[in-house]
Amino acid sequence: MIGVVRHLKCSRLLVGSTIELEAEFDEDCLEDYIWYKSNKPFMPHDRTIILNDKRSTTLSILHAMETDSGIYHVVSKSEYGIASTYASVTVINTDFNVLSSSEVVPTVDDLPDEIEVSKGEEVRIVCKATCDINTLVFWSKDGSDLENNDKVTSEYINNSCICLRIKSANSDDSGEYTVTVQDDITGHLETSSCFLNVIMRPNSILRPIKLKSSLIPTMACFGSSISFTCSFDIEDPRFHFSVWYIGNYRVERSNHRFHVMVKGGNFIFVVKQVEPGMEGEVTCEVRRVLPNGKSFFIDKTTTTLVIVPQAVIEEEIQNVCIKRSVYYYVSSKIAIVLVNSFKGIKNGSGIMQDNFSDDEITHGSHDTNGSFMITYCSLDDESFYLDVRNNDREIAVEKLYIYKRCLQSDEANSKISSKSVIVIEWDVAEFQKTNEKWYMIEVGKSNDNFVQAGVSSKPMFELEDPVQEQIMTFRVSAVSAPSTTDESTVRIVPAPKNALSTSKICELQTMEDFEKAYTKTGSLIGCGAFGSVVLVIGTDGEYYAAKVLKTRTQKKRELGIREYEMMKQLRHPKLIHLFGAYISKDSFVLVMDYLWGNELFDRIVDEEHIKEVDVVPYVRQICEALLYLHELKIAHLDLKPENIICLSPNSLQVKIIDFGLARYLDESQQTRAIYGTRDYVAPEVLNFDRLTLACDMWSLGVVTYMLLSGVMPFVGENWAQRSANITRAKYNYHESAFKEISDLAKDFVDHLLLLKPEYRMTASQALNHRWVKEGPPCGAKAGHMKRTRENLKSYLANYRARWQRAGNVLIAAHRLRTHRSTNEPGAPTVT
């Protein structure tokens with residue numbers, strides 16, 4: 001793949017100045033360089049000078065005018081493919097002194113406080129900064145200047161970020177790194193620092209890993225959707241995840257710009273819409289997670305993304321054939337996908353993926369025997385990923401149709417089924433004319449094995465409620481018609497990643513049974529006043545989380561049994577799943593899912609480009625879990641950020657954990673209790689009023705408020721003031737983070753943080769709130785949550801542990817103060 005040695009640099013200059021744009025490539029250009037301005041071919045004029053040689057080109061525009069402003073692209077074609085570089089030019093008509101004082105002021109975002117990497121890993125210290133031809137960048141380590149060498153390199157990324165790369169880090173590279181950005185005209189400078197900590201990688205995580213298929217160089221234009229795929233041969237793929245780097249973006253999980261998917265050693269990365277800042281190096285980095293939440297680099301594969309004007313893409317489509325994968329939004333229309341009419345670009349210059357229309361459908365000659373492969377993944381409620389590939393011998397597939405339809409209503413229960421099916425249908429009209437054949441549908445399992453799902457008389461099969469983020473592979477083969485003449489179709493019901501058994505009841509067993517069924521790994525997941533959570537391995541080879549409770553007293557034993565009785569009947573994908581319960585004289589063990597994606601707030605802090613639209617899926621999932629619980633008349637009563645856990649680092653899916661305080665709330669009984677975690681409990685808990693399911697909805701309002709702003713809604717100099725504000729439902733949106741948040745999100749919170757429980761939204765109403773169903777009105781165009789992340793980082797560092805330790809005691813203290821001040825007769829005893 002051809003590379004760019006020197007990229008075009010953004011320019012901001014005065015009217016009358018000379019615009020100079022220079023690019024250099026690492027391969028000889030086969031023909032003249034092609035310049036574009038604002039996505040259209042650049043037309044030279046009498047103020048233009050273009051100088052070319054074999055590997056470089058320079059565009060000069062004399063006596064610059066404001067109309068010369070725009071995005072300039074230059075494209076070079078060599079025998080190895082196509083390369084391109086672009087930059088923005090802004091011509092300003094103003095006084096130079098005014099420009100110097102207000103317009104040309106470099107800015108640099110704060111670097112992370114600390115970066116921790118394992119020995120041998122490549123380090124990327126990246127921050128956003130204003131970069132143009134007048135920008136000077138200096139890096140230093142522990143006060144000493146750094147110069148570029150074979151190991152350490154300073155570089156610009158797409159004129160919007162600066163990056164310091166350190167190859168194969170070792171302990172000597174640990175230290176404080178500082179970047180200084182200075183404007184060469186005004187002399188104004190900005191600095192930012194971070195500490196790099198290089199640690200040894202534990203030998204216990206080393207597993208054999210081999211690259212099976214590398215990333216393919218890709219060419220695209222602004223606004224197109226593309227995908228990257230790669231695979232590794234991993235001996236034990238569990239607890240491996242991917243971190244993707246594209247241009248100046250670091251992506252660990254799906255958000256409003258990207259989708260990340262993992263299945264075993266297969267990794268897929270979808271870019272919803274190509275934007276400036278994505279061109280250049282694309283890397284898939286495989287990492288492994290340890291029980292303590294730390295992760296370590298294992299291996300990587302790298303390619304390049306070349307962004308070119310639309311005209312170049314159209315020309316390549318005419319000149320060569322291009323194989324396409326699809327990222328497609330589902331709508332009321334049928335998605336028509338082109339298959340088999342394109343093949344790889346010559347000279348390894350890459351592939352392009354884009355959306356399709358009927359006009360693009362072409363017909364070609366194909367072998368009439370064999371099979372083809374379909375890779376499908378439901379990304380969210382509105383979109384999916386699809387890739388169609390042929391084996392050596394092809395079925396004549398020309399189009400592939402995908403559409404969604406709802407199932408029939410459940411007449412027995414008089415309820416409308418919420419389930420739906422995805423129909424995948426292919427066009428084999430010419431094939432059917434000459435061959436009376438059916439189709440065998442097989443589902444891919446681990447290690448590239450396939451299991452037969454059925455035989456269809458029609459060129460189609462169905463997926464019932466496909467699980468989001470679950471990659472599924474299907475093989476379709478032509479087979480002879482069976483002896484029966486009855487029509488047959490195939491419907492596949494995908495099993496959740498952690499399949500829940502609805503028939504198996506977890507009976508209480510002895511501790512001897514636990515020791516036979518599970519082996520402790522010695523890894524501690526968490527601990528607290530309740531006991532500890534340890535990582536164990538079952539006889540099936542899977543990992544589980546074992547919550548070990550010390551039950552030396554009768555009261556603690558009863559609490560453990562109550563949590564067990566509550567959990568054993570819960571079967572919902574958004575709730576922690578109980579696999580077993582074991583008891584002895586002085587201890588109680590609950591064996592549950594091992595969720596290795598960390599707490600939700602930690603994930604929000606790690607998301608560099610998170611926006612309001614990315615928060616909505618998390619809130620929706622919490623609402624789904626609460627709806628299930630509340631239909632069973634169960635209140636969680638301890639909903640807080642620490643009890644919302646991500647399934648894996650790459651997953652958007654979350655589960656609610658910890659049912660130690662959950663209670664059945666029978667309407668015929670008056671239930672009162674004083675427990676929970678302070679700052680999250682509803683006013684009725686503090687006031688020792690009757691508990692209802694609405695207590696959880698109040699807590700959801702607090703959690704949502706925090707997800708959007710990073711601060712608590714009820715403030716005060718001490719707990720007494722904060723608890724007083726809770727009992728009055730006194731809060732506001734003065735925090736600066738809310739300037740980026742939509743009024744619709746605030747409306748959602750307002751309908752939860754209501755003093756009277758009966759006025760709060762129910763879980764069902766919350767799910768149907770416009771913000772949860774549709775997201776913020778401006779979508780991903782607004783709501784950048786940089787301030788929120790800073791606030792959450794402070795919360796996690798300074799307050800979370802303190803609040804966890806003191807929650808119940810301080811709630812009780814609030815109630816005691818209330819009774820002493822009011823001198824109520826017959827006040828309850830608080831323990």
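For this chain, numbers begin at 1 and follow the sequence in order. Please read all numbers here as calculations on a predicted model, not as lab measurements.
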K.L.:
Any chance you could measure Y72, atom OH, to W35, atom CH2, to the nearest 0.5 Å?
P.N.:
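If I round to the nearest 0.5 Å, the distance is 9.5 Å.
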K.L.:
What pairs with K40 under side chain to side chain contact (heavy atoms under 4.5 Å, CB included), at least two apart in sequence or on another chain?
P.N.:
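Not a single residue meets the side chain to side chain contact (heavy atoms under 4.5 Å, CB included) criterion with K40.
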K.L.:
Do L21 and V89 pass the side chain to side chain contact (heavy atoms under 4.5 Å, CB included) test, and can you show the C-alpha distance, the side-chain angles, and the key distance before you say yes or no?
P.N.:
CA-CA 9 Å; L21 298 169; V89 173; 4.1 Å; yes
K.L.:
What residues, two or more places apart in sequence or in another chain, satisfy side chain to side chain contact (heavy atoms under 4.5 Å, CB included) together with E147?
P.N.:
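Side chain to side chain contact (heavy atoms under 4.5 Å, CB included) check on E147 returns nothing, list empty.
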K.L.:
Y86 vs H73 aromatic rings, parallel, tilted or perpendicular, using cut-offs 30° and 60°?
P.N.:
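Y86 and H73: tilted rings.
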K.L.:
Give a yes or no answer on whether the side chain of S84 reaches the backbone of I307 with a donor-acceptor pair at less than 3.5 Å.
P.N.:
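Yes: the side chain of S84 pairs with the backbone of I307.
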K.L.:
Which residues pass the ring-ring contact (aromatic ring centres under 6.0 Å, His included) test with F258, sequence neighbours left out?
P.N.:
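ring-ring contact (aromatic ring centres under 6.0 Å, His included) list for F258, sorted by chain: Y249, F269.
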K.L.:
Between D150 and K167, is the closest basic N to carboxylate O distance under 4.0 Å?
P.N.:
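No, this pair does not count.
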K.L.:
Go through the structure and list residues passing salt bridge (Lys or Arg N to Asp or Glu O under 4.0 Å) with K54, not counting sequence neighbours.
P.N.:
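In terms of salt bridge (Lys or Arg N to Asp or Glu O under 4.0 Å), with neighbours along the sequence ignored, K54 is linked to no residue.
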K.L.:
With sequence neighbours left out, what residues match R47 under side chain to side chain donor-acceptor pair (under 3.5 Å)?
P.N.:
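With neighbours one apart ignored, the set is D68.
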K.L.:
Could you list the residues that satisfy salt bridge (Lys or Arg N to Asp or Glu O under 4.0 Å) with D606, not counting sequence neighbours?
P.N.:
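By the salt bridge (Lys or Arg N to Asp or Glu O under 4.0 Å) rule, D606 matches R603.
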K.L.:
How long is the gap from OG on S378 to CE on M472, to the nearest 0.5 Å?
P.N.:
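Output value for this atom pair is 7.5 Å.
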K.L.:
Would the distance check show the side chain of N650 and the main-chain N or O of E252 forming a donor-acceptor pair, the cut-off being under 3.5 Å?
P.N.:
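At least one qualifying donor-acceptor pair exists.
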K.L.:
Minimum heavy-atom separation for W426 to I424, with atom names?
P.N.:
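For W426 versus I424, the nearest heavy atoms are CZ3-O, 3.7 Å.
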K.L.:
As an exercise, state the distance from CG of D32 to NZ of K77, rounded to the nearest 0.5 Å.
P.N.:
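So the gap between those two atoms works out to 12.0 Å.
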K.L.:
Mind checking what makes side chain to side chain donor-acceptor pair (under 3.5 Å) contact with D233, not counting sequence neighbours?
P.N.:
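Testing D233 for side chain to side chain donor-acceptor pair (under 3.5 Å), a comparison that skips the adjacent residues, returns none.
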K.L.:
Taking only residues two or more places apart in sequence or in another chain, which ones pass side chain to side chain contact (heavy atoms under 4.5 Å, CB included) with S213?
P.N.:
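With sequence neighbours excluded, S213 shows a side chain to side chain contact (heavy atoms under 4.5 Å, CB included) to S231, given in chain and number order.
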K.L.:
How would you list, by chain and number, every residue that makes a side chain to side chain donor-acceptor pair (under 3.5 Å) with T302, sequence neighbours excluded?
P.N.:
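T302: side chain to side chain donor-acceptor pair (under 3.5 Å) contacts with T283.
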K.L.:
How far apart are the C-alpha atoms of N52 and T57, what are their side-chain angles, what is the distance that settles it, and do they pass the side chain to side chain donor-acceptor pair (under 3.5 Å) test?
P.N.:
CA-CA 4 Å; N52 297 331; T57 178; 2.6 Å; yes
K.L.:
Looking only at non-hydrogen atoms, find the nearest pair between F297 and S118 and report the distance.
P.N.:
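Scanning both residues completely, I find the closest heavy atoms to be N-OG, 3.9 Å.
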K.L.:
Quick one: salt bridge (Lys or Arg N to Asp or Glu O under 4.0 Å) partners of K300, sequence neighbours excluded?
P.N.:
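Applying salt bridge (Lys or Arg N to Asp or Glu O under 4.0 Å) to K300 gives E122.
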K.L.:
Where do S651 and E469 land on the side chain to side chain donor-acceptor pair (under 3.5 Å) test, with the steps shown first?
P.N.:
CA-CA 7 Å; S651 179; E469 298 184 354; 2.7 Å; yes
K.L.:
When you look at NE2 of H784, are more than 12 heavy atoms from neighbouring residues, nucleotides or ligands closer to it than 6.0 Å?
P.N.:
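Enclosed.
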K.L.:
Please report the closest heavy-atom contact between E79 and L30, naming both atoms and the distance.
P.N.:
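Looking at all heavy atoms of both residues, the shortest contact is N-CD1, 3.3 Å.
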K.L.:
Is there a donor-acceptor contact under 3.5 Å linking the side chains of T180 and W139?
P.N.:
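Not at all, the side chains of T180 and W139 share no donor-acceptor pair under 3.5 Å.
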K.L.:
Using the salt bridge (Lys or Arg N to Asp or Glu O under 4.0 Å) criterion, which residues pair with R287? Sequence neighbours excluded.
P.N.:
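In terms of salt bridge (Lys or Arg N to Asp or Glu O under 4.0 Å), with neighbours along the sequence ignored, R287 is linked to E121, E285.
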K.L.:
Which residues pass the side chain to side chain donor-acceptor pair (under 3.5 Å) test with T48, sequence neighbours left out?
P.N.:
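In terms of side chain to side chain donor-acceptor pair (under 3.5 Å), with neighbours along the sequence ignored, T48 is linked to H45.
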K.L.:
Calculate, to the nearest 0.5 Å, the distance between atoms OG1 and CG belonging to T375 and N266 respectively.
P.N.:
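If we round to the nearest 0.5 Å, T375:OG1 and N266:CG are 8.0 Å apart.
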K.L.:
Tell me, do S140 and L146 make a side-chain contact under 4.5 Å, heavy atoms counted?
P.N.:
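No - every pair of side-chain heavy atoms lies 4.5 Å or more apart.
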K.L.:
Got a second to check how far I226's CD1 is from K272's NZ, nearest 0.5 Å?
P.N.:
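Answer rounded to 0.5 Å: 14.0 Å.
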K.L.:
Indicate yes or no: does R55 engage D28 in a salt bridge with an N to O separation below 4.0 Å.
P.N.:
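Salt bridge between R55 and D28, a charged N being under 4.0 Å from a carboxylate O: yes.
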